[in-house]
Peer 1: 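Below is one structure. I have some questions about it.
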Amino acid sequence: MKLDKDTQLKLLELANLSRGENTPDSASTNVEAEELQAAKDEHKRALDAAAAAQMAVDDMEAEILRIQEDERKLRRREADNKKQLGAETDPTRRKDIEHDLYSAKSRIADLMSELQEAHNEIHALRQNLDVHGARVDEAKRKVELAQRAADATPVVDEVPREEKIAQLRAQLPADAVAQFDAQRQENLVGVAEFNGRSCNGCFIVLPPANRSAIRNAPADEMPECPECGSFLVRTNAA
């Protein structure tokens, strides 16, 4: 069969598509896309968890500030009561001041206990926030890796294989398609690539004399494999 190089390559593409070869690896592409989406989902969960951890820290910090402010007020109240006791002589009034002073001191003691617990808790919350921050960083790294893998994956031709086959058959000379169909009916291959050593239709390594004859055939000629009869297309590698 004689065809120009571009037409030979189209015929080879038709043969490969007809055999289910060299079609876009949609399964692989789907895996890459799924892994990227999974990484993004994990990153979002990590961000949400980190945000919740930050909110818990913020709430506890606000609670500590409230306790400290209450303590300052009670300390002023305690100091004022002591000052009043130093000047008050009325027994009834002194009793009321002493009672209020006792209440202030008791409340201050309670606040000091609450403050200690709050400091212990915020220490744990901050450690938890650091853990979530590290998880966010790791999840972000996974997204970047998955994105690079997805970007490196060839774009899938969305044209269905059957439609692509029909397009190629319409573009090729009718006589070439007829010869291809006849040969494919015999060996289920029809046209195959010659890689320099063997036919990619039968995968048999050809003797040196056959390899030499195939290499030296005119550029517009498609030699036949001496083993399986497939028309051979010599690529640049061959």
Side-chain angles (χ1 to χ4, degrees), residues 13 16-17 19-85 96-164 237:
E13 183 180 2
N16 288 337
L17 284 169
R19 294 158 61 194
E21 295 182 358
N22 291 351
T23 55
D25 192 353
S26 57
S28 173
T29 303
N30 288 339
V31 168
E32 300 295 342
E34 289 173 2
E35 289 180 351
L36 175 57
Q37 188 58 52
K40 287 181 177 180
D41 291 343
E42 181 182 347
H43 184 231
K44 184 180 183 303
R45 288 194 296 271
L47 286 173
D48 290 343
Q54 181 65 63
M55 187 178 296
V57 169
D58 293 343
D59 288 345
M60 186 51 61
E61 287 178 343
E63 178 67 9
I64 288 173
L65 290 175
R66 182 196 65 77
I67 293 172
Q68 291 173 334
E69 180 60 26
D70 287 349
E71 180 199 358
R72 283 191 290 270
K73 290 178 180 178
L74 286 167
R75 294 290 185 189
R76 289 195 295 269
R77 178 175 156 189
E78 179 186 27
D80 184 58
N81 283 334
K82 287 180 179 179
K83 183 178 180 181
Q84 290 183 57
L85 278 175
D96 290 340
I97 295 172
E98 288 173 349
H99 177 74
D100 190 65
L101 178 60
Y102 174 80
S103 297
K105 287 182 176 180
S106 296
R107 181 56 184 149
I108 288 172
D110 290 341
L111 286 175
M112 291 299 94
S113 177
E114 290 179 21
L115 187 61
Q116 183 59 51
E117 290 178 3
H119 278 301
N120 291 339
E121 186 170 350
I122 199 167
H123 177 69
L125 289 173
R126 284 172 176 160
Q127 285 185 324
N128 185 52
L129 179 59
D130 290 341
V131 170
H132 283 293
R135 288 175 180 170
V136 168
D137 291 341
E138 176 62 16
K140 182 180 179 182
R141 186 186 69 82
K142 288 181 179 179
V143 169
E144 291 170 350
L145 290 174
Q147 185 66 64
R148 285 199 290 271
D151 291 343
T153 302
V155 177
V156 174
D157 184 356
E158 296 182 356
V159 178
R161 187 163 64 93
E162 292 77 8
E163 185 175 337
K164 185 66 175 176

Peer 1: Taking the side chain as C-beta and beyond, is there a heavy-atom pair between Arg141 and Asp137 under 4.5 Å?
Peer 2: no
Peer 1: So, for Ala50 and His132, which heavy atoms are closest and what is the spacing to 0.1 Å?
Peer 2: CA-CB, 3.8 Å
Peer 1: How long is the straight-line distance from CG of Asp59 back to CD of Gln54, given to the nearest 0.5 Å?
Peer 2: 10.0 Å
Peer 1: Distance from Gln68 atom CD to Leu115 atom CG, nearest 0.5 Å?
Peer 2: 5.5 Å
Peer 1: In terms of heavy-atom contacts, does CE of Met112 have more than 12 from other residues, nucleotides or ligands at under 6.0 Å?
Peer 2: yes
Peer 1: Supply the atom-to-atom distance Asp96 CG to Leu101 CG, rounded to the nearest 0.5 angstrom.
Peer 2: 12.5 Å
Peer 1: Any idea which heavy atoms bring Leu111 and Ile67 closest together, and the distance?
Peer 2: O-CG2, 3.6 Å
Peer 1: How far apart are the closest heavy atoms of Ile97 and Asn81, and which atoms are they?
Peer 2: CG2-O, 3.4 Å
Peer 1: Between Lys105 and Lys82, what is the shortest heavy-atom contact and its length?
Peer 2: CE-CE, 4.1 Å
Peer 1: What distance do Leu65 atom CG and Met60 atom CE have between them, rounded to the nearest 0.5 Å?
Peer 2: 11.5 Å
Peer 1: In terms of side-chain geometry, is the basic nitrogen of Glu69 or Arg72 positioned less than 4.0 Å from the acidic oxygen of its partner?
Peer 2: yes
Peer 1: Indicate yes or no: does Arg76 engage Asp80 in a salt bridge with an N to O separation below 4.0 Å.
Peer 2: no
Peer 1: Looking at Glu78, Glu114, Glu71, which hits salt bridge (charged side-chain N to carboxylate O under 4.0 Å, His left out) with Arg107?
Peer 2: Glu114
Peer 1: Which atoms form the tightest heavy-atom contact between Ile64 and His119, and what is the distance?
Peer 2: CD1-ND1, 4.0 Å
Peer 1: Could you tell me whether a side-chain N or O of Arg126 sits under 3.5 Å from a main-chain N or O of Val57, the two making a donor and an acceptor?
Peer 2: no
Peer 1: Rounded to the nearest 0.5 Å, what separation is found between the OG atom of Ser113 and the CD1 atom of Ile108?
Peer 2: 14.0 Å
Peer 1: Go through the steps to decide whether Glu138 and Arg135 satisfy the test salt bridge (Lys or Arg N to Asp or Glu O under 4.0 Å), and finish with yes or no.
Peer 2: CA-CA 5 Å; Glu138 176 62 16; Arg135 288 175 180 170; over 6 Å; no
Peer 1: Quick test of your reading of the model: are Glu42 and Arg45 salt-bridged, counting only N-O distances below 4.0 Å?
Peer 2: no
Peer 1: Can you give me the closest heavy-atom contact between Arg77 and Ser103, atom names plus distance?
Peer 2: NH2-CB, 4.0 Å
Peer 1: Does Arg66 come within less than 4.0 Å of Asp70, counting only side-chain N to carboxylate O?
Peer 2: yes
Peer 1: If I take atom CD from residue Glu117 and atom CG from residue Asn120, how far apart are they, to the nearest 0.5 angstrom?
Peer 2: 8.0 Å
